Every structure is written in C-alpha cells, then in structure tokens.
There are 2 protein chains.
Amino acid sequence: MAATDSENQAKVPPRSTPERILDAAEDLFAEKGYSATSLGDVADRVGIRSPSLYNHFKNKEALYEAVLERLLAVFSAPLGELDRGSVTQERVFFWLETIVRQHHANPNLARLLQHAALSGGPHTNELIDRLFSPMFQPGANRIEGAENTLIENTGLQPWAVMAFNNLVMSYVTMAPMYRDLLGQDPFSDAALDNQLNLIRILLRAVFEYKGDAPLDQGA
Amino acid sequence: MAATDSENQAKVPPRSTPERILDAAEDLFAEKGYSATSLGDVADRVGIRSPSLYNHFKNKEALYEAVLERLLAVFSAPLGELDRGSVTQERVFFWLETIVRQHHANPNLARLLQHAALSGGPHTNELIDRLFSPMFQPGANRIEGAENTLIENTGLQPWAVMAFNNLVMSYVTMAPMYRDLLGQDPFSDAALDNQLNLIRILLRAVFEYKGDAPLDQGA
DNA sequence: GGAGCCAATGTGAATAATCGCGCCTCCTGA
DNA sequence: TCAGGAGGCGCGATTATTCACATTGGCTCC
C-alpha cells in the first residue's frame, strides 16, 4: 500500500526540507560522529547554505537530537518485544533476526551508537538507557522453556546478551573492513543469510550449553 | 649505580618527549578519532605548546602513523602465530585468549580500528591489510584435527573468524556502555574471566557444530 | 677551562582555513 | 500581501601549520 509514490498524489513526492536535512545529518553523524560533522557538510548534501539550517533546527545539538529520536523510534519497537511471554530459543532467534534485518536496512543507529560509545557526545547516557535498559530488564530474557544452566548457574546471561548485541552491531560498524576479505558485499542478501546462519549456530550453543566439560581447565 | 633519580630504583627511565607525545596522541586518537583530535589537546596533555610537536613529528598525519606503527608492533606478534601447525580447538582458544588479554591491557588499537572502520582516515586500507590479512591467509585457520563441517560445508569459516574478532574488539569499544548494566567494571579481572568463559562456550559451538538440525527452517 | 659553535628543543606570534551561529535582506507562493 | 524559507555577510573561536626567536647542552679547539 505504499505504492503511491511517483505518480499521482501529493504525499511523499519530494521529501520536505526538514526531512532531507535529517537524512543528510543522519548519514554524516553516523559516519563521522558528532563533533567531526560540520553543518556545512550537512547543508551541502541537502543543497542549501548552512545558515538556512537554522530555519528548521535550533542548533547543531538539536539537529543531533532529532536524528537520534527518529532512529530510536524505528528501533525501539522490536527491542521491547521479547519482554512478554516465555523466552524460547525460537523466539530469541526471530527476535535477533528482526534486529539484524533492521540494522542491515539502516546501519546508522549502530554506527551512531558506536561513536557515542567511543567518544561520548550529547545525550550519550540517555541513548544507552533507552536502548539497553529493555534488554536487561528483570524478567526480560528469562528463559523459561529450557533448563538453561548458562543463565542461572554461571551468571553469564547478561554477558551473552551483550555478546549477541555486540555481534549484531559490530557487524554493521566493522563490515566494511571485511569487504575484501569476505569477497562479498557485507550488506547483500547473501551476506545477511550467512550472518544469520552463524548467529543461529552460536545461539544454539548458548541455549544448549549445560556447563559440562569445560575446555581444558576447571571452571 | 645509575640511580640518580628520586629513589634508588634501577629502572625509572623518564619517558622521552616523543614517547610522551605518542602516549597522549594514542589515547586521544583512540577516543576521538583522527579528525576530531586536535594537536592542541595532544600538546596540553604532554605539557608543551602545540608548535613544539613539530620538533618531533612532521605533521599530524605523521604523528598518527607513528601511533599506528607502535600499536601494530605490539599486536602483530600473536596474530600470525596460528599460521603454523595444526589448528585445534585448544590452540584457537589460547590464541583468542592471548588477543583478548592484549586488548584488555591496551584497548586503544581496537578503538582506533573502530574509528577507522566508521570514518576512514589516513592509512585505513593499509591498517586493514596488516591486521586482517594474516587471519584470512589461505592455510591459516584450517582446521585439521576435527572434521568440522562448518568450515568446509557451509562456507561460514571466514564469517566465524570475523564474528569472533568482532566479539573481542567490540567488547573493548562497547563495554563502557554496559558498565551499569553488567554491574561490573568491564576491564576488571573478573569481567575478563566472564568474557573468556563465554568465548569458550561459543567456540565450542563452532567447533562441534555438525550442521544437523537447523533451528526450525530448512538450511 | 673558557670561547665559540651547533643542533635540539622549547616558545609566542602570525596565517589561512574552517567551524558554529546570529543578523538581516530578498524572493516566492499561497 | 505577507510570512516562511533561503541566501549573504560576518563575528568569534578553533584548527593545522609556519616562522622568528630564546634557551639549552654538548662538542671542539686553543
């Protein structure tokens, strides 16, 4: 039903100026980080002069906030979706798959978050809270369907959550480095399948690990 | 004998000015990235004025190169160490453990690399080659001790290499975000143990995965 | 052991470019 | 007609970089 684009009606023919500014700013903030992004670059990409930006956003920080807000709105939906109901291996995987696909479709949130983790910047703490708190909520990620010793016995559960999250996000932020090494466009459909397959394998390990037979040293 | 410093310690060589510049620049480049780091910040941290930097380094880019070179010298040794001999699960784990410990001891390489992956910067391609090529060398990472179907059948081997590498590096670059959520200093010894335990579990999954019983959809 | 010298290393001042940002004017379309 | 949105202009701060200059420490030669 989104097929009303180029032909007949008034909706969405050209994006509005604020939207085009947000688009450009999102890409640039994600690539260079907050402080290294200049408003001149943003304006150039939109096709206007930098003072004109101030007709739409109070200042650089407000523009950054708006970019964050728009990204968070897209990603917040699936993040809280695992809270309700029993957490089975299948549900976790489909939850991860959703997030992976979302990051593939728009890699900018992961990139922005990585910049924030490295260098700080405005609203970093708020950003962390809104993205990560849902995942570490007491009750979230509580495995009920299986007697998983990983969670209860070794106390590694939050570490596993962190690891899988890092896996998904660092794929986006680091993949360009592997383009040559993998011999594949990291954002192609085939690459996405490969990444999902590997995640499935690793997820099985976490779910089925019973704590027996450590590699070669006492736990 | 040569103890003319403060006490009678044998070794307290006061770091030379170039070394102190490199120390400061490494921290700042790792935190803010190349372009967002100002030479004034570097000079301030050393305790000199920024023009004095030019007595020791040709320009900002040369300083950055020197920082990279010094870091690569530390990390290049274990990277090529897996090339020779059979690749067993134990050897891979100890190899990973070495790298993890090195990143914990000096997180700056991972941070610098992450900045380069996101924003580019001088010598990024060279940096990628020198760090990642050894891992993807034909012959490297060739599992001989076990009949691992992951490698040969599913073609996921380079993806697994990439995933574990991302796991190690993104721990360093993202861990600060999890400090509150994990309730632990991510760079403490206890945290390091937890990370190593999880890596061990995931590594077993990759080694022992035989390709049977995909989660719930045909391979 | 001075006198002279040079290279190394620091400094402040100056330059040109770029930055975020405010002011003010002009154009356009409803 | 009129207001919103774009551009021109410019201020003040910061950037990398250069230069002229002061100070040092060690070297040689008498």
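Fair warning: this is a prediction, and the values are worked out from it, not measured in the lab. Here is the naming used below: chain letters follow the sequence lines, and residue numbers restart at 1 for every chain.
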(Q) Are His115(B) and Phe29(B) an aromatic pair, judged by ring center distance below 6.0 Å? (A) no
Q. Taking the six-membered ring for Trp, are Phe75(B) and His103(B) ring centroids under 6.0 Å apart?
A. yes
Salt bridge [X]-[Y], side-chain N to carboxylate O under 4.0 Å:
| X | Y | answer |
| --- | --- | --- |
| Glu19(A) | Arg70(A) | no |
| Arg130(B) | Glu69(B) | yes |
| Arg45(B) | Asp23(B) | no |

Roughly, in whole Å, what's the span from [atom1] in [X] to [atom2] in [N]?
| X | N | atom1 | atom2 | answer |
| --- | --- | --- | --- | --- |
| Leu63(A) | dC21(C) | CG | P | 10 Å |
| Asp41(A) | dA17(C) | CG | P | 17 Å |
| Ile48(B) | dA8(C) | CD1 | P | 17 Å |
| Lys32(A) | dC19(C) | NZ | P | 8 Å |
| Ile21(B) | dA16(D) | CD1 | P | 14 Å |
| Leu39(B) | dT14(D) | CG | C1' | 12 Å |
| Arg20(A) | dG5(D) | CZ | C1' | 12 Å |

Q: Name every residue in residues 53-62 of chain A that has at least one heavy atom under 4.0 Å from any atom of DNA chain C, in order of residue number, or write none if there are no such residues.
A: Tyr54(A), Asn59(A), Lys60(A)
Considering just the side-chain nitrogens and oxygens of [X], establish if one lies under 4.0 Å of OP1 or OP2 belonging to [N].
| X | N | answer |
| --- | --- | --- |
| Ser38(A) | dT18(C) | no |
| Thr17(A) | dA6(D) | yes |
| Arg49(B) | dG12(C) | yes |

(Q) Please classify the nucleic acid contact of Ser35(B) as base, sugar-phosphate, or nothing, using heavy-atom distances under 4.0 Å. (A) nothing
Q. So what does Ser52(A) hit on the nucleic acid, given a heavy-atom distance under 4.0 Å: a base, only sugar-phosphate, or nothing?
A. base
(Q) Both conditions, 6.0 Å and 45 degrees, for the charged tip of Lys60(B) above the ring of Tyr34(B): are they met here? (A) yes
Q.
Does either side chain, that of Asn108(A) or that of Asp27(A), offer a donor lying less than 3.5 Å from an acceptor on the other one?
A. yes
